[in-house]
Number of protein chains: 2
Amino acid sequence: MAATPLFRRIDVAPAYQKVADAIEREIINGRIKPGEPIGTEQQLVAQFGVNRSTVREGIRVLEEGGLIRRDSSRRLQACLPRYNKLATRLSRALILHEVTFRELFETSMTLEVASVEGAVERATEENIAELAGNLARSADVVGNPADLAELDAEFHVLMAKASQNRVLQLAREPAAQLFFPTTEMIVGGVPEGGARLVEAHRHILDAIRRRDKEAGVLWTRRHLQDWRRGFEKIASLDRSVEHTYMEHAYAARQ
Amino acid sequence: MAATPLFRRIDVAPAYQKVADAIEREIINGRIKPGEPIGTEQQLVAQFGVNRSTVREGIRVLEEGGLIRRDSSRRLQACLPRYNKLATRLSRALILHEVTFRELFETSMTLEVASVEGAVERATEENIAELAGNLARSADVVGNPADLAELDAEFHVLMAKASQNRVLQLAREPAAQLFFPTTEMIVGGVPEGGARLVEAHRHILDAIRRRDKEAGVLWTRRHLQDWRRGFEKIASLDRSVEHTYMEHAYAARQ
DNA sequence: AAATCTAGCTTTGTCGGACAAACCGATAAG
DNA sequence: CTTATCGGTTTGTCCGACAAAGCTAGATTT
């Protein structure tokens, strides 16, 4: 396109950013492995030749990005970014973008179905045992919406885990974090809601055990459709997630 | 469970974290709207009663989290977290977790199919025009793998946009960022690869225009299966994304 | 000798102050 | 009306300092 420029683009990134980038590079390309120490702030000061305040700003960037963390004794070490932490930030972004429950529901339907398909195909004995444990605990608290909602969320996490697909696990997490908290509202508001939920989980787990993909998908769809029907009794699918939560929080305080 | 404790859990979060949390709260619950200024560092120092270094560390956290940014004149303002930036972090996380292309492919198949279904249902005239523009440009560079790969990625972004589902847009982004760069490798390595890609896009767009969901899904699947076949000619689906990219980068340098 | 304690060194989190460069706004000059 | 200039702000960086918490190794006790 253009002629070769005479000068290279001048690098104007602030020093703290360069510090963060330099450490990030070492982690990304594997020269520092997760769990390995990064060194003390003093050492970084010496290596980069910048002030400790500057180093600390760079550290904050990486810490928030999930690439490094401080161990029990506050020493820096590289780490594998936790999906959960990243997902939390994504959920926050979704709220700020004022997405609606309709969007959330549609996407969750897609991802939970994919999740159960994967689980039916590839769940290990251990995965199945975990799901069974969750189901047993759910049956015990069927009358307690708060506890049941928590176990419901866990059931779906375990299902995604059973799919053995980490990309899918990650992709579903942000939506799930916004989606499943409503379970408590719904189970609490619909008689027999808790029983239907546990029933659906039971059929899903059974389908996974029998490697029956069709049944797994069917019951997952029913399970989510149940959620949807319950939701529409108490709120509109086309309102933003943010507003709905706000109102619910307000109502709960009364 | 336990008796009501006599003392409330004392807060030991470091000051910079509290600064970040305090500002985040104001943004999340809407008291500071996206685009509005946060104030200068000096003002934050005065308001929070902490040192400027501390304030700056808190700012770094929020900046990395995408909740605030500095405008042209480096003043702080709240902002809507950009999907893209967050997705980059997630992609990085996926690489560090050494996910395989099989996981990536499976999830992308799910999400792209959901994407085209949404697009068939809800694409606006404007969405269709954007897709058509992309298609026309693609046809022009059918012999240039690098440019074509870029336009392919854009086509799929536009398709997700046309689905009018922002949760879906967000959910597909991390996988897409890792998935589509390989298009260049594949199109370059398979004769007629470029032509098949443009052909698939043409059929997909046509299906969206005709609101023919079945055709849209069919051609999207074919399109991705094409990718998969091409990929398997040059690498294994079960190797980690990281290693495959490394080798490709190495080969390109020779 | 093994376990425990203690004193000193290290490291982190925070603070205060400082300064150059970039930026902003307003005024002066063409 | 545009351009140049100048002072006040603001950011990015640096220096030095200190309390609290953690770690280490030698001293003490059992």
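Everything numeric in this text was worked out from a predicted model, so none of it was measured. Chain A is the first sequence line, chain B the second, and so forth, proteins listed ahead of strands; every chain is numbered from 1.
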Undergrad: Would you call B/Arg69 and B/Glu63 a salt bridge, using N to O less than 4.0 angstrom?
TA: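 Between B/Glu63 and B/Arg69 there is no salt bridge, as every charged N stays at least 4.0 Å from the carboxylate O atoms.
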Undergrad: Measuring to OP1 and OP2 of D/dC15, would you say a side-chain N or O of A/Asn51 lies under 4.0 angstrom away?
TA: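 Checking D/dC15 against A/Asn51, a side-chain N or O does come within under 4.0 Å of OP1 or OP2.
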Undergrad: Below the 4.0 Å mark, does D/dG12 have OP1 or OP2 next to a side-chain nitrogen or oxygen of B/Arg70?
TA: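 Yes, within the criterion.
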Undergrad: Tell me the interatomic distance from B/Gln77, atom CD, to D/dT11, atom P, rounded to whole angstroms.
TA: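 Interatomic distance, CD of B/Gln77 to P of D/dT11: 13 Å.
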Undergrad: Heavy-atom distance under 4.5 Å between the side chains of A/Phe179 and A/His156, does that happen here?
TA: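 Not in contact.
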Undergrad: Between A/Glu106 and B/Arg122, is there a side-chain N and carboxylate O pair less than 4.0 Å apart?
TA: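 A salt bridge links A/Glu106 with B/Arg122.
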Undergrad: What integer distance in Å separates A/Tyr16:OH from D/dT11:P?
TA: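 From A/Tyr16 OH to D/dT11 P: 11 Å.
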Undergrad: Could you state the atom-to-atom distance from CD of B/Glu41 to P of C/dG17 in whole Å?
TA: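 B/Glu41 atom CD is separated from C/dG17 atom P by 17 Å.
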Undergrad: Send over the distance from B/Glu63 CD to D/dT11 P, rounded to a whole Å.
TA: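 Going from B/Glu63 (CD) to D/dT11 (P), I get 11 Å.
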Undergrad: Is the closest side-chain heavy-atom distance between B/Leu168 and A/Glu103 below 4.5 Å?
TA: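 B/Leu168 does not reach A/Glu103 side chain to side chain.
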Undergrad: Under 3.5 Å, which N/O atoms of the protein pair with N/O atoms of nucleotides 19-25 of chain D?
TA:
unit_1	atom_1	unit_2	atom_2	d
D/dC23	OP1	A/Ser73	OG	3.4

Undergrad: What's the CD1-C1' distance between A/Ile38 and C/dT12, to the nearest Å?
TA: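 Rounding to the nearest Å, CD1 of A/Ile38 and C1' of C/dT12 are 16 Å apart.
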Undergrad: Of all the choices, C/dG13, D/dC14, D/dT11, which nucleotide is nearest to the side chain of B/Pro14 once you look at every atom?
TA: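 Closest of the options to the side chain of B/Pro14: C/dG13.
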Undergrad: B/Arg56 has an atom CZ; how far is it from atom P of C/dT14, in whole Å?
TA: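 To the nearest whole Å, that distance equals 16 Å.
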Undergrad: Are A/Lys161 and A/Glu130 close enough for a salt bridge, meaning some N to O gap below 4.0 Å?
TA: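 Yes, charged N to carboxylate O under 4.0 Å.
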Undergrad: Kindly indicate whether a cation-pi arrangement holds for A/Arg60 with B/Tyr16, taking the cut-offs as under 6.0 Å to the six-membered ring centre and within 45° of the axis.
TA: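 Yes, cation above the ring, under 6.0 Å and within 45°.
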Undergrad: A/Thr40 side chain: which of D/dT13, C/dT12, D/dG12 is closest?
TA: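 Per side-chain heavy atoms of A/Thr40, the pick is C/dT12.
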Undergrad: Of the listed nucleotides (D/dT11, C/dT14, D/dC14), which one gets closest to any side-chain atom of A/Arg52?
TA: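 Ranking D/dT11, C/dT14, D/dC14 by closest atom to the A/Arg52 side chain puts C/dT14 first.
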Undergrad: Would you mind reading off the distance between A/Glu57 atom CD and C/dT14 atom C1', rounded to a whole angstrom?
TA: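 Distance, rounded to whole Å: 14 Å.
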Undergrad: Quick one, A/Asp140 and A/Asp147 - any side-chain contact, counting heavy atoms below 4.5 Å?
TA: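 With C-beta onward as the side chain, the pair stays apart.
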Undergrad: To the nearest angstrom, how far is A/Leu76 atom CG from C/dG13 atom P?
TA: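 Between P of C/dG13 and CG of A/Leu76: 8 Å.
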Undergrad: Please determine whether a side-chain nitrogen or oxygen atom of A/Ser53 lies at a distance below 4.0 Å from atom OP1 or OP2 of D/dG12.
TA: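 The answer is no; no side-chain N or O of A/Ser53 sits under 4.0 Å from OP1 or OP2.
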